[in-house]
Colleague: 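Take this structure, written in structure tokens, and hold onto it; I'll ask about it next.
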Protein chains: 2
Amino acid sequence: MSTRERPAAGRSHVPSVAANGADASHRTPPDRHGEILDAALELFATIGYRATTMAQIGDRLGIRGPSLYKHVASKQEMLVEIMAGMMTELLRRQRAALDAGGDVRERLERIVAVHVQYHAEHRYEAFVGHREIDSLEEPERSRILELRREYESNFRELVQEGRERDVFHTSSDRWSSYAILDMGIGVSAWYNPAGSVAPDELAATYADFALRMLT
Amino acid sequence: MSTRERPAAGRSHVPSVAANGADASHRTPPDRHGEILDAALELFATIGYRATTMAQIGDRLGIRGPSLYKHVASKQEMLVEIMAGMMTELLRRQRAALDAGGDVRERLERIVAVHVQYHAEHRYEAFVGHREIDSLEEPERSRILELRREYESNFRELVQEGRERDVFHTSSDRWSSYAILDMGIGVSAWYNPAGSVAPDELAATYADFALRMLT
DNA sequence: CCTACCGATCGGTAGG
DNA sequence: CCTACCGATCGGTAGG
């Protein structure tokens with residue numbers, strides 16, 4: 001259902017039987033690990049990490065709770081994998097948007113668009129990523145928070161650069177960057193992929209909102 | 001610690017011993033019910049409703065978990081009281097802001113300021129109010145969602161009115177009102193009351209952000 | 001991948 | 001307001 005970011009390491013679990021062809025009848029699917037994470041993600045997003053039971057995750061795949069332990073180490077490890085994958089991917093896209101260059105206005109437009117498009121296309125990852133940080137045990141929680149701080153800093157620094165160049169005007173780099181970040185995060189809570197709005201259209205609109213706010 | 005909204009009905013629990021004077025030594029404080037809700041609110045906000053145990057709430061008051069049941073009916077009822085009180089108060093303030101009249105620009109400025117100021121001053125109530133909706137059982141959950149829809153509609157309709165009067169310019173009443181709402185909601189997640197920023201200053205700044213976005 | 005089961009947690013009640 | 005306790009839930013393990 002959801003097209004979750006698969007961390008690079010994820011593929012090492014996959015048997016080399018890449019043939020995803022005809023009848024896979026009773027055999028274990030090639031990417032059971034990925035299927036389990038997808039099911040977990042959807043449940044974490046809709047009812048919350050704590051409320052989700054291993055039995056429910058198994059249900060989605062037609063197996064029992066204890067059977068999951070052949071493919072994942074624990075419930076907590078699944079959350080770690082989901083959240084680390086999410087934050088890493090988001091940061092990767094943000095860096096790409098910044099590296100593409102252009103003037104400060106163009107770069108801001110791009111990182112806002114990337115931010116919003118990700119929060120629409122991957123609303124479950126994004127929603128869980130922001131809501132379940134405190135469900136992570138240490139030291140993973142701190143590691144993720146560190147990535148998030150970097151992500152936020154990139155916004156703030158770009159706003160600052162624009163203000164110093166007299167392209168943007170704001171009474172506070174910090175508040176205006178928070179406002180822009182938060183309106184994008186909000187998208188992950190209400191976006192409906194079955195609706196008629198394409199993520200890139202929404203992203204362009206929000207980038208425009210952000211620019212208006214700053215100019 | 002937090003100055004929670006006390007629903008009108010809350011006072012009916014309070015003994016008429018209003019004398020909040022000298023030594024209350026071993027006696028039960030006059031507003032045990034309110035104290036319990038305050039402790040619960042702080043825990044719900046910081047570690048989540050599900051993660052909070054009755055024993056932890058009792059700890060904050062120096063009593064055991066089971067003793068709470070002399071003052072509250074259940075953990076769920078505490079959540080209901082907190083969330084209903086929060087949404088009712090927020091809506092009350094929004095209506096007052098709208099009823100104060102003025103042109104569409106002034107009214108928008110005012111409801112954004114009220115929105116943000118509430119989310120800063122009552123960040124715990126606001127945070128729990130948005131995060132724990134699905135922890136509510138029916139029919140309370142639907143009732144609260146109904147109030148929230150009305151709250152959101154008031155934003156959207158005001159944006160629409162401004163656009164029709166050619167005061168505001170936006171490609172979507174819905175998205176721009178969501179963006180404004182969400183940036184305010186975000187405040188409840190990061191606002192630090194111990195910091196040097198007063199809620200009304202933040203509110204005025206965000207009202208300005210919203211107006212810029214729309215004009 | 002399954003059943004049986006352990007150990008721990010927790011909301012709520014009984015009965016002072 | 002307390003201790004003792006019940007009943008249910010749940011993550012994870014044993015051992016096929």
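In this text, all values refer to a predicted model and were calculated from it rather than measured experimentally.
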Colleague: B/Ile63 has an atom CD1; how far is it from atom P of D/dC2, in whole Å?
Modeller: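 It works out to 6 Å between those atoms.
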Colleague: Nearest-Å distance, CZ (B/Phe44) to P (C/dG11)?
Modeller: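 Atom CZ in B/Phe44 sits about 9 Å away from atom P in C/dG11.
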Colleague: Kindly state each residue pair satisfying salt bridge (Lys or Arg N to Asp or Glu O under 4.0 Å) with at least one member in residues 191-208 of chain A, sequence neighbours excluded.
Modeller: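 Qualifying pairs, neighbours excluded: A/Asp208-A/Arg212.
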Colleague: In this structure, how many angstroms lie between the P atom of C/dG11 and the CD atom of B/Glu77, rounded?
Modeller: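 That distance rounds to 15 Å.
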Colleague: Looking at residues at least two apart in the chain, or sitting in another chain, which of them share a side-chain contact (heavy atoms from CB on, under 4.5 Å) with B/Thr170?
Modeller: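 By the side-chain contact (heavy atoms from CB on, under 4.5 Å) rule, B/Thr170 matches A/Phe209, B/Val159, B/Arg163, B/Asp173, B/Ser176, B/Leu214.
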Colleague: Using atom CD of A/Gln76 as one end and atom P of D/dC10 as the other, report the distance to the nearest whole Å.
Modeller: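 Those two atoms, CD and P, are 18 Å apart.
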Colleague: Checking contacts here: which listed nucleotide (D/dC10, D/dG12, C/dT3) is nearest the side-chain heavy atoms of A/Arg64?
Modeller: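 Given the options D/dC10, D/dG12, C/dT3, the side chain of A/Arg64 is closest to C/dT3.
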Colleague: Does A/Glu150 pair with A/Arg95 as a salt bridge, N-O distance under 4.0 Å?
Modeller: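 Salt bridge between A/Glu150 and A/Arg95, a charged N being under 4.0 Å from a carboxylate O: yes.
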Colleague: Show me the donor-acceptor pairs, under 3.5 Å and distance only, between side chains in residues 185-198 of chain A and residues at least two apart or in other chains.
Modeller:
residue  : atom : partner  : partner atom : Å
A/Ser188 : OG   : A/Ile185 : O            : 2.7
A/Trp190 : NE1  : B/Asp182 : OD2          : 3.3
A/Tyr191 : OH   : A/Val197 : O            : 2.5
A/Asn192 : OD1  : A/Ala194 : N            : 2.9

Colleague: Polar atoms only, N or O, under 3.5 Å: list the protein pairs with nucleotides 13-16 of chain D and their distances.
Modeller:
none

Colleague: Nearest-Å distance, CZ (B/Arg50) to P (C/dT9)?
Modeller: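 For the pair B/Arg50 CZ and C/dT9 P, the rounded distance is 16 Å.
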Colleague: Please report, rounded to the nearest Å, how far the C1' atom of D/dG11 is from the CD atom of A/Gln56.
Modeller: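 About 13 Å, once rounded to whole Å.
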Colleague: So, taking the atom named CD in B/Gln94 and the one named CG in B/Leu158, what distance separates them when rounded to the nearest 0.5 Å?
Modeller: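 Answer rounded to 0.5 Å: 9.0 Å.
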Colleague: As a test of reading the structure: which of D/dC1, C/dC1, D/dC10 is closest to the side chain of A/Ser67, going by heavy atoms?
Modeller: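 That would be C/dC1.
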Colleague: Whole-Å distance between D/dC1 P and B/Leu68 CG?
Modeller: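 Taking atom P of D/dC1 as the reference, CG of B/Leu68 is at 9 Å.
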Colleague: Taking atom P of C/dG12 as reference, at what distance in whole Å does atom NE2 of B/His71 sit?
Modeller: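 Going from B/His71 (NE2) to C/dG12 (P), I get 16 Å.
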Colleague: Test your reading of the model: is there a side-chain donor-acceptor pair from B/Arg64 to the backbone of B/Asp59, 3.5 Å cut-off?
Modeller: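 Here the side-chain-to-backbone pair does not exist.
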Colleague: Over the length of the helix from C/dC1-D/dG16 to C/dG16-D/dC1, how much do the five-pair end axes diverge, rounded to 10 degrees?
Modeller: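 It comes to 10° between the two terminal axes.
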Colleague: Listed by chain and number, what are the salt bridge (charged side-chain N to carboxylate O under 4.0 Å, His left out) partners of B/Glu161, not counting sequence neighbours?
Modeller: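 Once residues adjacent in sequence are excluded, the partners of B/Glu161 under the salt bridge (charged side-chain N to carboxylate O under 4.0 Å, His left out) criterion are B/Arg107, B/Arg165.
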Colleague: Can you identify which nucleotide, out of C/dT3, D/dC1, C/dC1, has its nearest atom closest to the A/Arg32 side chain?
Modeller: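 The closest nucleotide is C/dC1.
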Colleague: Just to verify, which of B/Arg148, B/Arg149, B/Arg143 counts as forming a salt bridge (charged side-chain N to carboxylate O under 4.0 Å, His left out) with B/Glu146?
Modeller: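 That would be B/Arg149.
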Colleague: Is the B/His115-B/Phe155 ring centre distance short of 6.0 angstrom?
Modeller: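 Judged by ring-centre distance (under 6.0 Å), B/His115 and B/Phe155 do meet the cut-off.
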